[in-house]
Amino acid sequence: MRFVDEYRNGGDIRRVLSAIGAAARRPWTMMEICGGQTHTLLRSGIDRMLPESVEVVHGPGCPVCVTPLEQIDRAIAIARRPKTILTSFGDMLRVPGSDVDLLSVKAEGADVRIVYSPLDAVKLAQAHPDRDVVFFAVGFETTAPANAMAVWQAHELGLTNFSILSSHVLVPPAMEAILGSKDNRIQGFLAAGHVCTVMGYEEYEPIATRYRVPIVVTGFEPLDLVQGIYMTVVALEAGRVGVENQYSRSVRREGNVPARRLIDQVFEVCDRPWRGIGVIPRSGLRLRPAYEAYDAERRFAVESVSATESPLCIAGEILRGTTKPRECSQFGTRCTPEHPLGAPMVSSEGACAAYFRYGRTA
Amino acid sequence: MCLGVPGRIERIEAGPGGMAMGTVSFGGIRKEVCLAYVPEAGIGDFVVVHVGFAISKVDEQEADSMMRTLHEMGELEELGAPRPAGDGRAPA
């Protein structure tokens, strides 16, 4: 496939790895904040081929992982209602709530369906006017244009049986929370290419200046990642701060303007709790008052649901990059992808699940 | 979650409410995709698709220029840059 195969060429990847080795004269620690990048780094073995002096830490880049437990409990409460269809992306279904996951609720007889796109949920609402159709809208900025369009379309169609349970999170406030923490050791960032495809990278420029770090917008294929790491190392060695764009075939500085316009029409920024981290100010999206009829939390009065995390899980340390998954005493023993204790083990894109799957146990 | 896959636009049509929809081929696998966010893209163009929505038109000139930079880097390496540590296994 064009724009895929040429970015997986072993010779080119080794060439860039070699350049990283030549460029890195001091030890450097950088962070990626994208579950897809975590996955590629481990699957392709790039993490093992980097020089020892260059460490790439996996940040809170998995929206499924950072969705708070109580939000999953809310989805479960909604799914258990009569005459309701709860729809979601597949990876949300096996994330455990306080007691069960959505897949078990489905096995009990609830109507829980996996959709490929939120527009499929809108179609379901059209086809089933006698049911409430709810879409569990989890995601970073990348997914916000799709969810905004679903709400806008439901509004245009005059649907009264469609709503979303919004658990949208925003990347830049999480980066600031990490850079501003007392135990921060991150010296540079790879910014997630598809988040920036939608939002552009203007809002990263003041972060780079304030915390004096390089931020390199980076794509998802193995060659993109090694190039992003190379550009970050070169900037760090030169003492250069600011934003650079490795993924220029998809990302423009201003992002996708029509998509940003519709996101802004439908959603507004709000404070949002991140699983394993806590509330980060202005780090989420909720529906604007004009669209609150599509807000499942209000419609089904599930705002007051609360939940408690396992005290054994050190998700906060993992997601901030201060501890590696294999350094956790529960990793691979009491905590596995089948029986996760917390956020980063629950989704295939979480750092702990990726370490488990690719055997990074020692 | 933020997976985006590049595919080639084969057909464009008006969807519900006049919203631009189209058929996009991913190496031969075809899907219906919302094209409302890439008004500049036409048939034959590559777009990055996420959960049924094209979120960008792939800029082929930028892709070529990045590849050229990379190959220039390769020429420098042949002039004698050292190899990195690690097991040297070919990725992916």
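All of these numbers come straight from a predicted model, not from anything done at the bench.
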Student: If you count heavy-atom pairs within less than 4.5 Å of chain B, which of A:V195, A:V198, A:L119 leads?
Tutor: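 The answer is A:L119.
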Student: In terms of heavy-atom pairs under 4.5 Å, which option from A:R252, A:E156, A:R261 contacts chain B the most?
Tutor: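 Between A:R252, A:E156, A:R261, the count favours A:R252.
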Student: Has the side chain of B:Y37 got a donor or acceptor atom that lies under 3.5 Å from a matching backbone atom of A:P145?
Tutor: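 Yes; at least one donor-acceptor contact below 3.5 Å.
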Student: With rounding to the nearest 0.5 angstrom, report the OG to NE2 distance, B:S56 to A:H194.
Tutor: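 Nearest 0.5 Å value for the OG-NE2 distance: 6.5 Å.
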Student: Please classify the contact between A:F3 and chain B as side chain, backbone, both or neither, with a heavy-atom cut-off of under 4.5 Å.
Tutor: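 Its backbone and side chain both get close to chain B.
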Student: Under a 4.5 Å cutoff for heavy-atom pairs, which residue among A:S248, A:S117, A:P258 has the most contacts with chain B?
Tutor: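 Of the options given, most contacts go to A:S248.
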Student: Name the member of B:G28, B:S65, B:G7, B:A63 that forms the most heavy-atom pairs with chain A at distances under 4.5 Å.
Tutor: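 Most heavy-atom pairs within the cutoff with chain A belong to B:A63.
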Student: Checking B:V48 against chain A: side chain, backbone, both or neither under 4.5 Å from a heavy atom?
Tutor: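 Just the side chain, heavy atoms under 4.5 Å.
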Student: Show me the pairs that pass salt bridge (Lys or Arg N to Asp or Glu O under 4.0 Å) and involve residues 13-28 of chain B, at least two apart or across chains.
Tutor: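 Found B:R11-B:E13.
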Student: What's the verdict on side-chain contact (heavy atoms from CB on, under 4.5 Å) for A:Q227 and B:M66, showing C-alpha distance, side-chain angles and the deciding distance?
Tutor: CA-CA 10 Å; A:Q227 241 183 333; B:M66 205 42 123; 3.6 Å; yes
Student: By number, which residues in residues 18-25 of chain B have some heavy atom less than 4.5 Å away from chain A?
Tutor: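 Hits under 4.5 Å: B:M19.
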Student: Among A:V4, A:L262, A:T40, which residue forms the greatest number of heavy-atom pairs with chain B at distances under 4.5 Å?
Tutor: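 Between A:V4, A:L262, A:T40, the count favours A:L262.
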Student: Side chain, backbone, both or neither: which part of B:V49 has an atom under 4.5 Å from a heavy atom of chain A?
Tutor: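 The side chain, not the backbone.
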Student: With a cut-off of 6.0 Å (strictly less than), are more than 12 heavy atoms of other residues, nucleotides or ligands near CZ of A:R26?
Tutor: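 More than 12 heavy atoms, drawn from other residues, nucleotides or ligands, come within 6.0 Å of this atom.
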Student: A:Y247, A:F220, A:Y230: which one forms the most heavy-atom pairs within less than 4.5 Å of chain B?
Tutor: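 Most heavy-atom pairs within the cutoff with chain B belong to A:Y230.
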Student: Need one label for B:I55: side chain, backbone, both or neither, based on atoms under 4.5 Å from any heavy atom in chain A.
Tutor: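 For B:I55, heavy atoms of backbone and side chain both lie under 4.5 Å from chain A.
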Student: Quick one: pull up OG1 in A:T142 and CZ in B:F53 and give me the separation to the nearest 0.5 Å.
Tutor: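 Between A:T142 OG1 and B:F53 CZ, I get 13.5 Å after rounding to 0.5 Å.
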Student: Taking the side chain as every heavy atom from C-beta outward, state whether B:M67 and A:L223 have any atom pair closer than 4.5 Å.
Tutor: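 A side-chain contact exists here, since the closest heavy-atom pair is under 4.5 Å.
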Student: Considering only heavy atoms, which portion of B:V47 lies under 4.5 Å from any heavy atom of chain A: side chain, backbone, both, or neither?
Tutor: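 Neither part.
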Student: Should B:E62 and A:N245 be marked as a side-chain contact (heavy atoms from CB on, under 4.5 Å) after you check the CA-CA gap, both sets of side-chain angles, and the distance that decides it?
Tutor: CA-CA 11 Å; B:E62 283 290 339; A:N245 184 8; over 6 Å; no
Student: Which heavy-atom pair separates B:P6 from A:M1 by the least distance, and what is that distance?
Tutor: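 Distance-wise, the nearest heavy atoms are O-CE, 3.7 Å.
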Student: Just so I understand: if I count every heavy-atom pair under 4.5 Å between each of A:H39, A:Q153, A:E141 and chain B, which residue has the most?
Tutor: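 Counting heavy-atom pairs under 4.5 Å, the top option is A:Q153.
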Student: Taking every heavy-atom pair that is under 4.5 Å apart, which of B:E60, B:R8, B:K57 has the most such pairs with chain A?
Tutor: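 Highest number of pairs under 4.5 Å: B:E60.
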Student: Taking the side chain as every heavy atom from C-beta outward, state whether B:K31 and A:Y116 have any atom pair closer than 4.5 Å.
Tutor: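 Sidechains of A:Y116 and B:K31: in contact.
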